[in-house]
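A quick write-up on the structure given underneath.
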Number of protein chains: 2
Amino acid sequence: MLTEVIIMLTERQLLILQVIIDDFIESAHPVGSRAISKKDDIPYSAATIRNEMADLEDMGFLEKTHSSSGRVPSEKGYRYYVDHLISPSILHEDGDVIKHIVNDGFFEFEQIVQMSAEVLSQLTNYTSIILGPEIFETKLKQLQIITLSSNTAVAILVTNTGHVEHRSFTIPTEINPSDLEKLVNILNNQLSGVPIIQLADKFNTEIVSMLNQYVSDIGKSYQYLNEVLFHEHPVKLYIGGKANMLMQPEFNDVDKIRSFYSMIENEDKIAHLLKQSNGGIKVSIGQENDVDAIKDFSLITAAYHLGEGQMGTIALLGPTRMEYRRVISLLNILSHEMTDALYMWYKNNG
Amino acid sequence: MLTEVIIMLTERQLLILQVIIDDFIESAHPVGSRAISKKDDIPYSAATIRNEMADLEDMGFLEKTHSSSGRVPSEKGYRYYVDHLISPSILHEDGDVIKHIVNDGFFEFEQIVQMSAEVLSQLTNYTSIILGPEIFETKLKQLQIITLSSNTAVAILVTNTGHVEHRSFTIPTEINPSDLEKLVNILNNQLSGVPIIQLADKFNTEIVSMLNQYVSDIGKSYQYLNEVLFHEHPVKLYIGGKANMLMQPEFNDVDKIRSFYSMIENEDKIAHLLKQSNGGIKVSIGQENDVDAIKDFSLITAAYHLGEGQMGTIALLGPTRMEYRRVISLLNILSHEMTDALYMWYKNNG
DNA sequence: TGTTAGCACTCATCCCTCTCGAGTGCTAAT
DNA sequence: ATTAGCACTCGAGAGGGATGAGTGCTAACA
């Protein structure tokens with residue numbers, strides 16, 4: 001796509017395109033010329049509309065489902081609609097609901113995230129996905145190792161944001177259980193305040209030698225320890241309203257439901273999708289999506305931030321016939337609210 | 001149901017009933033007399049089968065979907081089948097898979113539970129639900145309170161089974177943050193080893209006065225603390241394979257799928273259902289279920305134990321046309337394996 | 001020249017009917 | 001007691017209008 005011919009649409013074409021897409025988004029039925037001409041703000045006859053519709057179809061913004069059907073927006077049509085026809089309005093009812101949730105009393109950040117995912121889905125009847133918060137900026141607050149038996153223990157990491165990770169493990173035979181306490185002390189002294197993302201590195205470079213010096217010779221088990229303590233903290237994915245989506249008329253087909261569910265259960269792939277987001281609001285319509293499994297859907301992603309480091313991604317997955325205007329407004333509000341909430345957190349706990 | 005007339009079936013009727021149900025469970029299609037008479041172990045003609053089928057229908061074990069259709073088991077038929085016609089066979093392939101998972105290396109118990117739910121569902125294409133482990137016998141290993149800022153903190157409870165619970169909270173103004181450490185020490189001294197279920201009580205009766213004595217006057221905030229630390233630890237519910245169930249031909253109808261999902265998302269209700277289970281394997285077929293939402297389904301529950309105290313429930317939810325024989329065998333194996341695994345845990349960590 | 005009325009045409013959807021086949025129940029013969 | 005035979009029932013699926021919402025095109029109009 002080196003050259004993209006810029007197609008100029010007349011005012012009237014813009015108006016008609018917009019009305020058609022608005023109508024289809026609401027009704028999910030192909031839109032006919034007569035229905036358009038009857039609308040209040042359309043002073044043209046059905047025949048005129050038909051001519052314009054034919055032109056819009058030639059330009060690729062509209063499609064027919066069969067030769068004598070009404071028109072349906074093409075993906076290119078949606079793209080144009082999203083890029084040029086929707087003014088980023090703020091819908092206040094939705095905004096209030098969201099602000100209420102994000103700011104209501106004291107919650108763990110993760111609770112806020114979870115509730116947001118839930119509400120986002122209920123407001124829209126699409127499936128909401130929230131990734132993160134990513135851990136670029138979160139720092140280790142404290143590390144605990146609690147022994148359960150002679151050879152098992154559970155390690156607990158607490159971050160400055162109140163996030164808690166834990167993992168059980170068997171204590172390597174090289175390590176004398178009685179040394180565990182010393183080990184934890186050293187780790188806490190050296191690693192407290194260190195960004196989570198740097199823990200594994202710092203452990204390898206600075207801590208290991210220190211451990212060998214002050215604790216018994218931990219030998220090869222340092223790698224195991226590193227693994228247990230600092231590696232592969234799974235990215236948390238909050239998916240809200242897998243079932244709400246079934247309300248959409250697009251899912252009046254059993255096979256579609258099946259393929260949707262087998263897709264949505266594959267959390268890894270979803271997480272991968274969202275990770276590509278790099279800030280701002282991004283709309284991927286149908287085939288624009290990189291992943292085959294959602295080429296029938298639209299995915300709207302928004303990032304929420306903390307200072308420099310990006311923290312996570314909020315997304316809504318729905319049919320290409322999506323309420324783009326409302327969804328974009330919603331994600332805008334929510335990402336700002338979450339960013340604000342995070343900022344407050346940081347100010348208090350950083 | 002004060003009196004239940006005991007109906008005697010002839011050997012032949014038993015055989016025919018069994019074959020019909022087996023066939024229907026496998027095929028999901030109404031079973032006709034000719035198909036039965038053609039089976040190897042059936043030496044009777046189709047006409048004979050028809051006569052017997054008519055009798056079995058009169059007795060309520062079979063039904064027709066319409067006047068000239070083949071027969072389908074009634075719920076009473078399934079009940080009889082489950083009670084009298086299936087010998088509790090152990091299916092070794094399944095058994096091996098399960099043993100492998102439950103005993104494979106060192107895992108947190110919760111990981112085992114989660115994986116079991118997943119595998120159970122994949123083996124059967126039904127939806128698996130695992131409740132618990134209930135906390136009757138688990139004891140507090142250690143309590144931690146980690147302050148995040150001047151007025152927020154996160155409380156972490158670790159049990160002897162390696163289970164970790166955590167909750168963020170605001171520090172009540174009555175409590176001097178510098179006293180928190182003392183508070184935690186007292187709590188750990190007094191409560192370590194106490195069964196989780198008794199924590200709240202013990203806190204109210206024994207600890208509060210002690211705290212007032214040794215720490216600053218915590219006043220009315222003791223109730224808040226109790227709430228934060230010990231109350232309402234939500235029962236964990238692991239649901240596996242919500243989507244697998246869609247493979248069942250019973251779900252070839254969009255509305256059924258919708259109602260299934262809106263039911264399964266209501267975790268509270270499900271948890272309530274499973275809590276009624278009191279040991280052994282229990283089969284609830286269709287209308288036998290107390291909850292309306294699953295009167296079209298069968299629910300098989302099995303408890304897993306630890307010593308005296310029941311620990312949790314494993315269940316499979318499927319259509320009434322369920323592979324009862326296999327499912328019962330599976331749950332049997334799994335409940336024993338989990339019970340054994342728990343026992344080992346206890347021996348090591350009790 | 002842009003707009004509109006009119007008309008022939010297309011196609012999905014609904015409904016009706018017909019056929020086919022898998023099943024039954026009943027009766028009479030073995 | 002069992003079975004072969006037969007008439008009957010009913011669901012599923014195919015075929016065939018009728019309906020109606022939609023189109024494209026043409027010719028008339030301002």
Side-chain angles (χ1 to χ4, degrees), chain A residues 8-17 19-21 23-24 26-74 77 249-250 252-254, chain B residues 8-17 19-21 23-24 26-74 77 249-250 252-254:
Chain A
M8 282 304 287
L9 296 179
T10 65
E11 280 297 314
R12 191 166 71 184
Q13 285 171 329
L14 289 178
L15 177 64
I16 291 173
L17 182 58
V19 170
I20 290 176
I21 298 186
D23 190 289
F24 182 72
E26 196 191 320
S27 72
H29 295 298
V31 184
S33 55
R34 225 174 87 83
I36 298 297
S37 81
K38 273 196 290 191
K39 303 222 179 217
D40 283 346
D41 40 355
I42 303 284
Y44 313 104
S45 76
T48 308
I49 306 287
R50 275 204 290 284
N51 290 331
E52 296 288 25
M53 281 164 108
D55 291 347
L56 286 167
E57 185 177 355
D58 287 343
M59 291 185 266
F61 294 115
L62 295 178
E63 286 172 352
K64 287 191 280 195
T65 60
H66 60 88
S67 75
S68 73
S69 77
R71 298 309 203 290
V72 156
S74 68
E250 273 80 359
N252 267 336
D253 170 12
V254 180
Chain B
M8 282 304 287
L9 296 178
T10 65
E11 279 297 314
R12 191 166 69 186
Q13 285 172 328
L14 288 178
L15 176 64
I16 290 173
L17 181 58
V19 170
I20 290 177
I21 298 186
D23 191 287
F24 182 72
E26 195 190 322
S27 73
H29 295 298
V31 185
S33 56
R34 226 175 86 82
I36 297 298
S37 81
K38 272 195 290 193
K39 303 223 179 215
D40 283 346
D41 39 356
I42 302 286
Y44 311 106
S45 76
T48 309
I49 307 287
R50 275 203 292 284
N51 290 331
E52 296 288 25
M53 282 165 109
D55 290 347
L56 285 167
E57 185 178 355
D58 288 342
M59 291 185 267
F61 294 115
L62 296 177
E63 287 171 353
K64 286 191 280 196
T65 60
H66 61 88
S67 75
S68 74
S69 78
R71 299 309 203 290
V72 157
S74 67
E250 274 80 358
N252 266 337
D253 170 12
V254 180

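In this structure, Glu63(B) atom CD and dG23(C) atom P are separated by 18 Å, rounded to whole Å. Rounded to whole Å, atom P of dG22(D) lies 10 Å from atom CD1 of Ile36(A). Ile16(A) places its CD1 atom 10 Å from the P atom of dT3(C), with the value rounded to the nearest Å. Glu52(A) places its CD atom 8 Å from the P atom of dT3(C), with the value rounded to the nearest Å. Rounded to a whole Å, the CE atom of Met53(A) is 9 Å from the P atom of dG22(D). Atom NE2 in His66(B) sits about 11 Å away from atom C1' in dG21(C), given to the nearest Å. Protein atom CD1 of Ile20(A) is 13 Å distant from nucleotide atom C1' of dT23(D), rounded to whole Å. The separation between Asn51(A) atom CG and dT3(C) atom C1' is 9 Å, rounded to whole Å.
In this model, the phosphate group of dT3(C) is approached by a side-chain N or O of Arg12(A) to a distance below 4.0 Å at OP1 or OP2. When the side-chain nitrogen and oxygen atoms of Arg34(A) are compared with OP1 and OP2 of dG20(D), none of them lie within a distance under 4.0 Å. Between Ser67(B) and the phosphate of dT24(C), there is no side-chain N or O to OP1/OP2 separation shorter than 4.0 Å. In this structure, Ser33(A) reaches the dT23(D) phosphate: one of its side-chain N or O atoms is under 4.0 Å from OP1 or OP2. At dG24(D), one or more side-chain N or O atoms of Lys64(A) fall inside 4.0 Å of OP1 or OP2 (strictly under the cut-off). Contact between the side-chain N/O atoms of Arg50(A) and the OP1/OP2 oxygens of dA5(C) is not found at any separation under 4.0 Å.
One N or O on the side chain of Gln13(B) and one on the backbone of Thr10(B) form a donor-acceptor pair closer than 3.5 Å.
When distances are taken from the side chain of Ser68(A) to each of dG22(D), dT3(D), dT4(C), the shortest belongs to dG22(D). Of the candidate nucleotides dG24(D), dT24(C), dA5(C), dG24(D) has the atom nearest to the side chain of Arg71(A). Set against dT3(D), dA5(C), dG25(C), the side chain of Ser45(B) has dT3(D) as its closest nucleotide.
More than 12 heavy atoms of other shown residues, nucleotides or ligands fall within 6.0 angstrom of atom CG in Asp41(B).
Among the candidates Ile36(B), Ile16(B), Val72(B), the single residue satisfying the side chain to side chain contact (heavy atoms under 4.5 Å, CB included) test with Val31(B) is Ile36(B).
Mapping Ala47(B) and Ala35(A) onto DNA chain D via the closest heavy atom, the residue that lands nearer the 5' end is Ala47(B).
Residue contacts shown for Ser69(A) are limited to sugar-phosphate atoms, with no base heavy atom under 4.0 Å away.
The residues Glu52(A) and Arg12(A) are annotated as salt-bridged, a charged nitrogen and a carboxylate oxygen being separated by less than 4.0 angstrom.
Heavy atoms only, all atoms of each residue included: Leu62(A) and Pro73(A) are closest at CD2-CA, 4.0 Å.
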